[in-house]
Chemist: 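Pasting in a structure now, in structure tokens, and then I'll have a few things to ask.
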2 protein chains.
Amino acid sequence: MRQRNEKAILRAATTLFAKKGFDGTRATEIAERAGLPKANLYYYFNTKEEIYRAAIRHLIAGWDKALRHIRADADPFEALEAYVREKLDYARKNADESRMFANEIISGAPFLSRADRKHMHDITLEKTLIIEQWVAEGRMRPVNPRHLFIVLWSTTQFYTNFEKITCDTLEKPRLSPSDYEDAARTIVETVLRGLRPGKASSDP
Amino acid sequence: MRQRNEKAILRAATTLFAKKGFDGTRATEIAERAGLPKANLYYYFNTKEEIYRAAIRHLIAGWDKALRHIRADADPFEALEAYVREKLDYARKNADESRMFANEIISGAPFLSRADRKHMHDITLEKTLIIEQWVAEGRMRPVNPRHLFIVLWSTTQFYTNFEKITCDTLEKPRLSPSDYEDAARTIVETVLRGLRPGKASSDP
DNA sequence: GTCTATATTCCGATAGAC
DNA sequence: GTCTATCGGAATATAGAC
């Protein structure tokens, strides 16, 4: 029961925080959306901030799941494609979480703890070393691995976070799985293809 | 005088709307940041919404500037690189506008008029036809031009909109012009390079 | 654990003196 | 045009009955 209500509150809160940020979201709205009287929010959580932080914690936990594909002994392009597909899939299936995270970062990451940021940084750093190794082995064209990850994050999150613009551009009322398939194909055939080692590795 | 104050209000408002969205931004904050008593806001604008809409209007006006590089008679890769560089440059130099736009879209674009969205759509559509023509002429690999634009928007805006994550990833306290140069190079050498027609146009 | 009623603070907007 | 003072309503959080 406690678990059920806490989950309902966090789900409702995530949707609203995603749309309107921390200051823009009203406790009353969260309660309404969760189907509870407002006072019950304050039974389960002491403050609105506590709800926000609980939601953030949940989404930081999922940050690095897709990165497990990046292993030194894997084929670089299979690994990167799997990473791209899983990131796209995660964003699609957890749209509100993805948007809430985006909102938090645009707002200047006021609720991300030093530890959270260090965690994300350390995991990323570990994977950049693998990319560098692949480059050194000639299995990939030279690329700044940190910028590569930034490009992959931006492209895989855009479809979900900026869905309104994506829908307008694709002339669809909302995005279907096949649109995400097109997205995956485009990212693979542009971003990743550009990194395949060619015959002449220094042509312009 | 009127012009000077209106500009100060819009500048302050854009910064705050970028960070906290419409509901999250307080009229008092806008006034403080603009260096005016709150009542003066209501002398120049009737409501907070009017301030928000004025700021949105300003940023819609700059949406399509960089797209002028995409002309049918241009070299596809020179044109696309110029587009990427100008988009990155615009985002860097107008960071708050760029973030406010991102915030508005994530929030579900509640203040974007049908006309604004149609404008953005029409301009984009016009340019997708040019990309299709380049593909048909064999000057570029086959690509879905709508998805290509989405990939270019996402990558060029990410650095500015999600600056906090970018800084953590690059281990810099803030982004310098040379970081933006690295960004441009990465986008050109990954996204755009993947679209160059190769000897074998169907290898995996 | 649940919910109504309320305390207290804060916000958007305005009145009206200068 | 500028600014102080303030109104009415709304927001966060709590008290306390059930």
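Protein chains get the first letters and strands the later ones, always in sequence-line order, with residue 1 at the start of each. Values below: every heavy atom of this structure, side chains too, minus hydrogens, waters and symmetry copies.
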Chemist: What is the distance, rounded to the nearest whole Å, between atom CG of B:Leu41 and atom C1' of C:dG12?
Modeler: 11 Å
Chemist: Among C:dT2, D:dA13, C:dG12, which is the nearest nucleotide to the side chain of A:Thr47?
Modeler: D:dA13
Chemist: When you measure from the side chain of B:Pro37, which nucleotide among C:dG12, D:dT4, D:dT12 comes out closest?
Modeler: D:dT4
Chemist: Would you mind checking if B:Lys164 and B:Asp168 are paired as a salt bridge, meaning a charged N to carboxylate O distance below 4.0 Å?
Modeler: no
Chemist: Taking atom C1' of D:dG16 as reference, at what distance in whole Å does atom OH of A:Tyr42 sit?
Modeler: 18 Å
Chemist: Ignoring hydrogens and angles, tell me if any N or O in the side chain of A:Asn40 forms a donor-acceptor pair with the backbone of A:Leu36 under 3.5 Å.
Modeler: no
Chemist: Can you tell me if A:Arg26 touches the phosphate of D:dA10, counting only side-chain N or O atoms and a distance under 4.0 Å to OP1 or OP2?
Modeler: no
Chemist: We want to know whether A:Asn144 and B:Thr186 form a side-chain donor-acceptor pair, criterion being a heavy-atom distance below 3.5 angstrom.
Modeler: no
Chemist: What integer distance in Å separates B:Asn46:CG from C:dA13:C1'?
Modeler: 10 Å
Chemist: Would you classify B:Ala39 as touching base, sugar-phosphate or nothing, given that sugar-phosphate means primed atoms plus P, OP1 and OP2, and contacts are heavy atoms under 4.0 Å?
Modeler: base
Chemist: Base, sugar-phosphate, or nothing for B:Tyr44, non-hydrogen atoms under 4.0 angstrom?
Modeler: sugar-phosphate
Chemist: Using salt bridge (Lys or Arg N to Asp or Glu O under 4.0 Å), reason through B:Arg85 and B:Asp89 one step at a time and then give a plain yes or no.
Modeler: CA-CA 6 Å; B:Arg85 287 182 180 276; B:Asp89 211 48; over 6 Å; no
Chemist: Just the rounded figure in Å: distance from C1' of C:dC3 to CG of A:Asn5.
Modeler: 13 Å
Chemist: Could you tell me whether the side chains of B:Thr160 and B:Tyr180 share a donor-acceptor contact shorter than 3.5 Å?
Modeler: yes
Chemist: Roughly how many Å is it from NZ in B:Lys38 to P in C:dA15, rounded to a whole number?
Modeler: 14 Å
Chemist: Any side-chain donor paired with an acceptor under 3.5 Å for B:Tyr44 and B:Asn5?
Modeler: yes
Chemist: Which ones in residues 7-24 of chain B lie close to DNA chain C, meaning a heavy atom under 4.0 Å from one of its atoms?
Modeler: none
Chemist: May I have the distance from A:Asn40 (atom CG) to C:dG1 (atom P), rounded to whole angstrom?
Modeler: 11 Å
Chemist: Rounded to the nearest angstrom, tell me the gap between atom OH in A:Tyr43 and atom P in C:dG1.
Modeler: 4 Å
Chemist: Whole-Å distance between D:dA10 C1' and A:Glu32 CD?
Modeler: 13 Å
Chemist: Out of the candidates A:Ile56, A:Ile30, A:Asp96, only one should pair with A:Phe17 under the side chain to side chain contact (heavy atoms under 4.5 Å, CB included) rule; please name it.
Modeler: A:Ile30
